[in-house]
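Shown next, in structure tokens, is the structure this report addresses.
What you see below is based on every heavy atom in this structure, not just the backbone, and it leaves out hydrogens, waters and symmetry mates.
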Amino acid sequence: SVSSGINAEYGGEHESYDFGSGAGFYVNATEEPWKTNYRMYSYVTGELPTVVSSNFNVNMVKSAISGHSMGGHGALIAALKNPGKYKCCSVFAPISNPSECPWGQKAFAGYLGDNKAAWK
């Protein structure tokens with residue numbers, strides 16, 4: 001997959017649980033080297049549903065999205081940015097304000113740069 005980061009292999013990618021392969025935060029990275037393959041928002045909202053609907057007998061009109069922790073943040077953002085795309089959004093203990101916690105700040109700075117206005 002081009003957008004999911006699978007098999008990307010960047011230096012430092014696997015060194016911590018809260019960045020790189022351990023945490024994509026479901027954003028489309030804009031910073032090097034991540035911006036080429038760490039496009040998790042596009043993967044979850046576009047590429048993955050296309051693959052699923054092309055290979056399985058599913059009704060995409062009845063799609064739902066869910067997530068826990070960082071994935072909860074991703075599910076919330078996907079649902080809020082795409083009104084009507086999902087019939088249901090269910091999250092458990094989401095990181096709902098990642099720009100105000102150390103884990104989110106680390107990830108957003110790495111993937112989106114130091115300009116906090118770009119994090120919105």
Side-chain angles (χ1 to χ4, degrees):
S1 166
V2 173
S3 58
S4 71
I6 297 171
N7 299 321
E9 297 303 322
Y10 300 117
E13 178 183 26
H14 309 300
E15 291 178 5
S16 66
Y17 74 93
D18 59 354
F19 189 75
S21 61
F25 251 99
Y26 301 91
V27 298
N28 286 337
T30 58
E31 297 295 304
E32 294 290 351
W34 316 103
K35 71 180 185 178
T36 302
N37 293 96
Y38 274 68
R39 306 197 48 78
M40 301 308 246
Y41 175 82
S42 293
Y43 176 70
V44 169
T45 61
E47 186 178 340
L48 183 59
T50 300
V51 170
V52 170
S53 66
S54 297
N55 291 283
F56 300 96
N57 184 20
V58 295
N59 184 345
M60 295 306 287
V61 175
K62 295 182 178 181
S63 295
I65 192 162
S66 65
H68 168 253
S69 190
M70 177 195 66
H73 169 263
L76 286 171
I77 294 303
L80 292 169
K81 286 187 172 185
N82 297 281
K85 181 177 178 101
Y86 306 103
K87 291 292 183 188
C88 176
C89 175
S90 177
V91 299
F92 178 73
I95 299 174
S96 55
N97 195 4
S99 61
E100 296 300 321
C101 73
W103 188 19
Q105 291 167 348
K106 176 181 177 182
F108 282 14
Y111 296 132
L112 304 174
D114 292 324
N115 179 0
K116 291 187 177 185
W119 298 2
K120 297 180 180 185

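Inter-residue side-chain proximity for Tyr41 and Val27 is flagged as unmet; no heavy-atom pair is nearer than 4.5 Å.
Nearest approach of Ala75 to Ser66, heavy atoms of both residues: CB-C, 3.7 Å. Between Lys87 and Lys62, the closest heavy-atom pair is CG-CA, 3.8 Å. Gln105 approaches Ser99 most closely through the heavy-atom pair NE2-O, 3.0 Å. Scanning both residues, Cys101 and Ile95, for their nearest heavy atoms gives SG-CG2, 3.9 Å. When all heavy atoms of Tyr26 and Gly71 are compared, the pair lying nearest together is CE1-CA, 3.5 Å.
We find the OH-OG1 distance between Tyr86 and Thr45 to be 5.5 Å, quoted to the nearest 0.5 Å. Rounded to the nearest 0.5 Å, atoms CG (Leu48) and CD1 (Ile65) are 9.0 Å apart. Summarising the geometry, atom CG belonging to Asn115 is positioned 10.0 Å from atom NZ belonging to Lys120; distances are rounded to the nearest 0.5 Å. The CG atom of Asn28 sits 4.0 Å away from atom CZ of Arg39, with the distance rounded to the nearest 0.5 Å. For the atom pair CD of Glu31 and OH of Tyr38, the computed distance is 15.0 Å after rounding to the nearest 0.5 Å. Rounding to the nearest 0.5 angstrom, the gap separating the NZ atom in Lys85 from the OG atom in Ser63 is 7.0 Å.
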| Going through the checks in order, is the side chain to side chain contact (heavy atoms under 4.5 Å, CB included) test met by Lys116 and Phe108? | CA-CA 8 Å; Lys116 291 187 177 185; Phe108 282 14; over 6 Å; no
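Hydrophobic clustering (ILVMFWY, side-chain heavy atoms < 4.5 Å, transitive): Met60 and Phe56 are in one cluster. Cluster membership for Val44 and Met70, using ILVMFWY side-chain heavy atoms within less than 4.5 angstrom, is shared. Using a 4.5 Å cut-off between side-chain heavy atoms of Ile, Leu, Val, Met, Phe, Trp and Tyr, with links allowed through other members, Tyr43 and Leu112 fall into the same hydrophobic cluster.
Residue-environment remark: CG (Asp114) stays at or below the threshold of 12 foreign heavy atoms within 6.0 Å.
Under the ring-ring contact (aromatic ring centres under 6.0 Å, His included) rule, Phe25 has a single partner from Trp103, Tyr111, Trp34, Phe19, which is Trp103. Exactly one residue among Val52, Val51, Thr50 makes a side chain to side chain contact (heavy atoms under 4.5 Å, CB included) with Ser54. That residue is Thr50.
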